[in-house]
Number of protein chains: 2
Amino acid sequence: MSQVEIVGPLDEAVGYVLKQAATALRAAMDAVLRPLKLTVPQYACLEVLDQRPGLSSAELARATFVTRQSMNLVLRGLQQRGLLTRAAVAEHGKALPTELTDAGRAQLRAASVAVCAIERQMLAPLAPNAQHRLLADLAACAAALSGECQARSTEHAVME
Amino acid sequence: MSQVEIVGPLDEAVGYVLKQAATALRAAMDAVLRPLKLTVPQYACLEVLDQRPGLSSAELARATFVTRQSMNLVLRGLQQRGLLTRAAVAEHGKALPTELTDAGRAQLRAASVAVCAIERQMLAPLAPNAQHRLLADLAACAAALSGECQARSTEHAVME
DNA sequence: TGACTCATGTCAACATTCTGACACACACTC
DNA sequence: GAGTGTGTGTCAGAATGTTGACATGAGTCA
């Protein structure tokens with residue numbers, strides 16, 4: 001029985017530390033977003049929508065790692081508060097393009113400042129180059145897991 | 001407008017990529033644990049308990065990033081399946097020490113092998129030294145967030 | 001001793017998210 | 001044109017996790 005198959009101490013397991021970091025980030029974001037009356041999924045929705053206006057609910061859901069059904073509730077809440085608008089009728093297929101309102105953009109701006117502060121706090125112990133490295137490594141890890149389903153051709157690492 | 005306060009493209013936001021990696025890992029773990037009739041929280045519970053026998057439900061909850069109440073349900077399910085035992089009476093305070101049974105250890109062994117395979121797949125694109133660096137960087141990020149939160153809310157940080 | 005604080009286990013109510021299911025709209029093939 | 005496949009929006013139910021609350025046991029300090 002080789003040691004490779006045994007999980008070492010938890011602090012040395014990447015999965016555990018990844019979960020720890022994600023949990024801490026989630027809690028911190030939740031704390032700073034609460035005064036703005038925004039949940040993390042709501043903020044994520046606004047952020048994605050600001051960068052990619054016109055996205056449908058289903059596309060938004062994939063971008064924020066939730067189901068279409070959950071995103072639908074999020075959108076409904078944000079729409080009622082006047083932070084975004086959805087087309088009443090579909091131009092193409094059944095997808096209803098969604099866009100931020102001015103109020104939504106203003107709210108997002110405030111939230112974005114708060115969240116950026118959290119990110120800076122999180123990355124404070126790391127040098128700038130280490131921060132970029134972390135970003136690239138995490139992206140590679142995510143791709144290595146999710147990419148397995150569709151393409152196994154990633155035999156070689158793509159460096160940019 | 002200063003660029004510092006604006007979240008850049010999502011792919012360059014550490015929080016976003018962190019969430020992406022955590023979600024992918026969670027989904028992959030869920031897939032390999034399902035045949036073993038284990039959920040991710042259940043596996044996490046077994047893993048922690050194996051490394052630190054005798055932990056109470058509350059301690060277990062903190063170690064696996066859930067509430068005491070949730071952990072209680074997890075423990076109840078695992079206990080009914082004979083994978084762990086809880087002391088009927090508390091020796092000290094109200095804490096009920098928990099330990100794995102032989103069946104629990106066997107189940108954990110199988111799960112651990114599967115999860116380790118996932119971790120290796122996730123880390124495959126990274127060189128060994130990059131893997132250790134990622135581990136350390138993530139730990140530093142988590143500490144930078146949770147340490148600050150604790151210090152601000154309770155005024156005194158408990159370091160061990 | 002008594003009051004206080006802290007941690008634990010547990011109950012109940014609540015919120016959030018997911019799974020399963022259905023109908024609809026478009027693109028493609030035959 | 002008819003059939004098929006994919007993507008989308010939506011409803012309902014279930015599972016999951018959380019917050020709030022309470023009683024209990026142990027330690028601390030006046």
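Chain naming here is simple, since letters A, B, ... match the order of the sequence lines and numbering starts at 1 in each.
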So, using side-chain contact (heavy atoms from CB on, under 4.5 Å) as the criterion, who are the partners of [X] when residues are at least two apart?
X: B/Ala95; answer: B/Ser56
X: B/Arg105; answer: B/Asp50, B/Leu100, B/Asp102
X: B/Gln69; answer: B/Thr67
X: A/Leu60; answer: A/Cys45, A/Val48, A/Leu49, A/Leu55, A/Met71, A/Leu75

Should we count CZ of B/Arg52 as having more than 12 external heavy atoms under 6.0 Å?
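Not more than 12 within 6.0 Å, no.
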Write out all pairs satisfying side-chain hydrogen bond (donor to acceptor under 3.5 Å, both in side chains) with one or both partners inside residues 17-32 of chain A, taking only residues at least two apart or from two chains.
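Every pair satisfying side-chain hydrogen bond (donor to acceptor under 3.5 Å, both in side chains) with a residue in residues 17-32 of chain A: A/Asp30-A/Arg34.
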Can any side-chain N or O of [X] pair as donor or acceptor with the backbone N or O of [Y] at less than 3.5 Å?
X: A/Ser70; Y: A/Val66; result: no
X: A/Glu99; Y: A/Leu84; result: no
X: B/Gln42; Y: B/Thr39; result: yes
X: B/Gln107; Y: B/Leu36; result: yes
X: B/Thr64; Y: B/Ala44; result: no
X: B/Gln131; Y: B/Leu126; result: yes

Proximity to DNA chain D (any heavy atom under 4.0 Å), residues of [range] only:
range: residues 92-99 of chain B; answer: B/His92, B/Gly93, B/Lys94
range: residues 30-42 of chain B; answer: B/Pro41
range: residues 68-87 of chain B; answer: B/Arg68, B/Gln69, B/Ser70

Outermost DNA chain C nucleotides near chain A [under 4.0 Å, heavy atoms]
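Range of nucleotides within reach of chain A: C/dT17 to C/dA27.
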Can you give me the first and the last nucleotide of DNA chain D (5' to 3') that has an atom within less than 4.0 angstrom of a non-hydrogen atom in chain A?
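Range of nucleotides touched by chain A: D/dG7 to D/dC11.
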Quick one: ring pair (Phe, Tyr, Trp, His ring centres under 6.0 Å) pairs with a partner in residues 10-38 of chain B, sequence neighbours left out?
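Non-adjacent pairs meeting ring pair (Phe, Tyr, Trp, His ring centres under 6.0 Å): A/Phe65-B/Tyr16.
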Listed once per pair and sorted, the ring pair (Phe, Tyr, Trp, His ring centres under 6.0 Å) pairs that draw on residues 93-122 of chain A, sequence neighbours left out
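Residue pairs passing ring pair (Phe, Tyr, Trp, His ring centres under 6.0 Å), neighbours aside: none found.
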Enter the distance from A/Leu108:CG to A/Glu47:CD here, rounded to the nearest 0.5 Å.
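CD of A/Glu47 is found 5.0 Å from CG of A/Leu108.
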